[in-house]
Amino acid sequence: MEIGIQFYTLRDYCKNLDDFAETLKKVADIGYKNVQISGVCDYEPQWLKEQLDKNGLKCVVTHAPADLLKTDAVKVCKNHDILDCDTIGLGYFGFSLKEEGYTYNDFKAQFGEAIKTVYENGKSFMFHNHAKEFMKIDGKCIIEKMVEDFAPYNLGVILDTFWVQAAGGDPAQWMEKFSGKIPIIHLKDYKYNENFSTFTDNIAVLGEGNINFDRVFEKAEGCGVKYMVVEQDECHGEDPFDCIKRSYDYLRSRGF
């Protein structure tokens, strides 16, 4: 297994191409070799490929723009061809059990064709979970129904350890449940903040919270995980580059 970094963590340092290029260099200097591109400024795929090659980096997954996936999934696939990236992620869908436009049936209606198109163009479609996907419909979590319903198109999950924990689940148990469907997982720790008002207030650097990463790492390889990608949505006033360096050092200390 290899480790990587989710650029959503560094989104405030990627608001224009010059800053984006500098951030890619800083990530490479820390030691990361693999990246997930998300939350950055607009870019041409060829420009990004050149920057990745320049810094010895590989794009292993993205969070593709939802609107573009819905309107032109073929273009999304072609852009990923330029990046030599076979995995297309959808970062978020605001699931609700009853709010119009956000039900599970709405998700299927909005993204069903895109999921099929991605598969037909030789790419893998991966859905990144938050906590809402663990709401249940007829006794089954939404994320389970999604994987089952789109099984013909090999839909997988970018399983996020923090959000599984926030939803009351056991990350390692869900990794077992989705074995073979999780080539990429997101690693972020959960550290209780007594003043928290939203769940993201509890996000922490790896090894500085309470998630049982011993079990996560134990299960990961057997479940087919290829990339463990560090993501820290909020750094709580700390320097994000320092945070991702501490997470990198933690993973290296664990032998990755």
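Predicted, not measured: the structure shown is a model, and the values here were computed from it.
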**Q** Assigning hydrophobic clusters by single linkage (Ile, Leu, Val, Met, Phe, Trp, Tyr; side-chain heavy-atom cutoff under 4.5 Å), is Val35 placed with Phe256?
**A** yes

**Q** Hydrophobic clusters join Ile, Leu, Val, Met, Phe, Trp and Tyr when side-chain heavy atoms are under 4.5 Å apart, directly or via other members; which others share one with Val61?
**A** Val60, Met126, Ile158, Ile184, Tyr227, Val229

**Q** Rounded to the nearest 0.5 Å, how far apart are CG of Leu52 and CD1 of Ile37?
**A**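 Here the rounded value is 6.0 Å.
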
**Q** Counting C-beta onward and ignoring hydrogens, is there a side-chain heavy-atom pair between Lys26 and Tyr13 closer than 4.5 Å?
**A**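 No - every pair of side-chain heavy atoms lies 4.5 Å or more apart.
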
**Q** For the pair Tyr104 and Met135, evaluate side-chain contact (heavy atoms from CB on, under 4.5 Å) and give the outcome as yes or no after the intermediate values.
**A** CA-CA 10 Å; Tyr104 179 59; Met135 295 186 293; over 6 Å; no

**Q** Would you check if there is a donor-acceptor pair between the side chains of Lys181 and Asn154 at a distance under 3.5 Å?
**A** yes

**Q** Can you tell me if Lys70 and Gln110 form a side-chain donor-acceptor pair at under 3.5 Å?
**A** yes

**Q** When the ring planes of Phe93 and Tyr102 are compared, do they come out parallel, tilted or perpendicular, using 30° and 60° as the limits?
**A**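 Rings of Phe93 and Tyr102: tilted, 30 to 60°.
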
**Q** Verify the neighbour count for atom CZ of Phe241: are there more than 12 heavy atoms of other residues, nucleotides or ligands below 6.0 Å?
**A**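 Counting neighbours around CZ of Phe241, more than 12 heavy atoms of other residues, nucleotides or ligands fall under 6.0 Å, so yes.
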
**Q** Whether the Thr161 and His186 side chains hold a donor-acceptor pair (N or O, under 3.5 Å, no angle test) is what I'd like checked.
**A** no

**Q** Do Val27 and Val205 sit in one hydrophobic cluster, given that two such residues count as connected whenever their side-chain heavy atoms are within less than 4.5 Å of each other, even indirectly?
**A** no

**Q** Treating Asn202 as the side-chain partner and Asn193 as the backbone partner, does any N or O pair qualify as donor plus acceptor under 3.5 Å?
**A**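 Side chain of Asn202 to backbone of Asn193, a donor-acceptor pair under 3.5 Å: yes, one is there.
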
**Q** Between Glu50 and Trp47, is there a donor-acceptor pair closer than 3.5 Å when you use the side chain of the first and the backbone of the second?
**A**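 No: the side chain of Glu50 does not pair with the backbone of Trp47.
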
**Q** Between Asn129 (side chain only) and Asp160 (backbone N and O only), is there a donor and an acceptor less than 3.5 Å apart?
**A**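 Pair found, side chain donor or acceptor close to backbone of Asp160.
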
**Q** Please name the pair of heavy atoms, one in Tyr32 and one in Ile244, separated by the smallest distance, quoted to 0.1 Å.
**A** OH-O, 2.7 Å

**Q** Write down the atom of Asp201, the atom of Ser197, and the distance for their closest heavy-atom approach.
**A** OD2-N, 2.8 Å

**Q** Main chain of Gly94, side chain of His130: is a donor-acceptor contact present, judged purely on distance under 3.5 Å?
**A** no

**Q** My understanding is that only one of Gln165, Glu231, Gln6 makes a side chain to side chain donor-acceptor pair (under 3.5 Å) with Lys188; could you say which?
**A** Glu231

**Q** Do Phe125 and Tyr153 have ring centres separated by under 6.0 Å?
**A** no

**Q** Once the angle between the rings of Phe95 and Phe107 is folded into 0 to 90°, is it parallel (under 30°), tilted (30 to 60°) or perpendicular (over 60°)?
**A**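 Rings of Phe95 and Phe107: tilted, 30 to 60°.
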
**Q** Take Trp163 and Asp233 through the test side-chain contact (heavy atoms from CB on, under 4.5 Å) and record every step on the way to the result.
**A** CA-CA 11 Å; Trp163 287 113; Asp233 307 37; 4.2 Å; yes

**Q** Does any N or O in the side chain of Asn121 come within less than 3.5 Å of the main-chain N or O of Lys123, such that one atom is a donor and the other an acceptor?
**A** no

**Q** One pair to check against side-chain contact (heavy atoms from CB on, under 4.5 Å): Val118 and Cys77. What are the steps and the verdict?
**A** CA-CA 7 Å; Val118 167; Cys77 292; 4.2 Å; yes

**Q** Can you see whether Asp189 engages Tyr250 through a side-chain donor-acceptor pair at a distance of less than 3.5 angstrom?
**A** no

**Q** Could you see if Met228 belongs to whatever hydrophobic cluster contains Tyr8? Use Ile, Leu, Val, Met, Phe, Trp, Tyr and a side-chain cutoff under 4.5 Å.
**A**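 In one cluster: no.
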
**Q** Check the surroundings of atom NZ in Lys108: do more than 12 heavy atoms from other residues, nucleotides or ligands lie under 6.0 Å from it?
**A** yes

**Q** May I ask you to check whether Trp174 and Phe134 place their ring centers less than 6.0 Å from one another?
**A** yes

**Q** Does the separation of the ring centres of Phe162 and Tyr190 fall below 6.0 angstrom?
**A**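 Under 6.0 Å, so yes.
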
**Q** I need the single residue from Leu24, Leu17, Ile82 that forms a side-chain contact (heavy atoms from CB on, under 4.5 Å) with Leu48. Which is it?
**A**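 Result: among Leu24, Leu17, Ile82, Leu24 is the only option passing the side-chain contact (heavy atoms from CB on, under 4.5 Å) with Leu48.
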
**Q** Less than 4.5 Å apart, any side-chain heavy atom of Val216 and any of Ile185?
**A**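 The answer is yes; the side chains approach within 4.5 Å.
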
**Q** Look at the side-chain heavy atoms of Ile, Leu, Val, Met, Phe, Trp and Tyr, link any pair under 4.5 Å apart, and say whether Val225 and Val230 land in one connected group.
**A** yes

**Q** Please report the closest heavy-atom contact between Asn34 and Glu2, naming both atoms and the distance.
**A**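 Minimum heavy-atom contact is ND2-OE1, 3.0 Å.
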
**Q** Looking only at heavy atoms, what is the nearest atom pair of Ala114 and Leu69, with distance?
**A**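 Where Ala114 meets Leu69 most closely, the heavy atoms are CB-O, 3.3 Å.
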
**Q** Before giving the answer on side-chain contact (heavy atoms from CB on, under 4.5 Å), spell out for Gln36 and Phe7 the whole-Å C-alpha distance, their side-chain angles and the decisive distance to 0.1 Å.
**A** CA-CA 6 Å; Gln36 175 175 357; Phe7 262 60; over 6 Å; no

**Q** Should Ile137 and Phe150 be counted in the same cluster of Ile, Leu, Val, Met, Phe, Trp and Tyr side chains packed under 4.5 Å apart?
**A** yes

**Q** Taking Ser38 for the side chain and Thr62 for the main chain, is one N or O donor matched with an acceptor at less than 3.5 Å?
**A** no

**Q** Tell me the closest heavy-atom pair linking Cys243 and Gln232, and the distance in Å.
**A**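 Closest pair (atom of Cys243, atom of Gln232, distance): CB-OE1, 3.4 Å.
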
**Q** Under the 3.5 angstrom rule, does the side chain of Asp19 hit a backbone N or O of Lys15 as a donor-acceptor pair?
**A**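 Not confirmed, Asp19 side chain does not pair with Lys15 backbone.
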
**Q** With distance as the sole test, does Asp249 use its side chain to make a donor-acceptor pair with the main-chain N or O of Arg246 at under 3.5 Å?
**A** no

**Q** Is there a donor-acceptor pair closer than 3.5 Å between any side-chain N or O of Asp106 and the backbone N or O of Gly101?
**A**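 Flag set: sc Asp106 to bb Gly101 pair under 3.5 Å.
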
**Q** Between Phe127 and Phe111, is the ring centre distance below 6.0 Å?
**A**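 No, the ring of Phe127 stays outside the 6.0 Å limit from the ring of Phe111, centre to centre.
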
**Q** Mark yes when over 12 heavy atoms from residues, nucleotides or ligands other than Lys145 sit less than 6.0 Å from its NZ; otherwise mark no.
**A** yes

**Q** Any salt bridge (Lys or Arg N to Asp or Glu O under 4.0 Å) pairs touching residues 210-223, not counting sequence neighbours?
**A**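 Listed by first then second residue: Asp170-Arg215, Glu176-Lys219, Asp214-Arg254.
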
**Q** Does Ile88 reach the side chain of His80, with side-chain heavy atoms less than 4.5 Å apart?
**A** yes

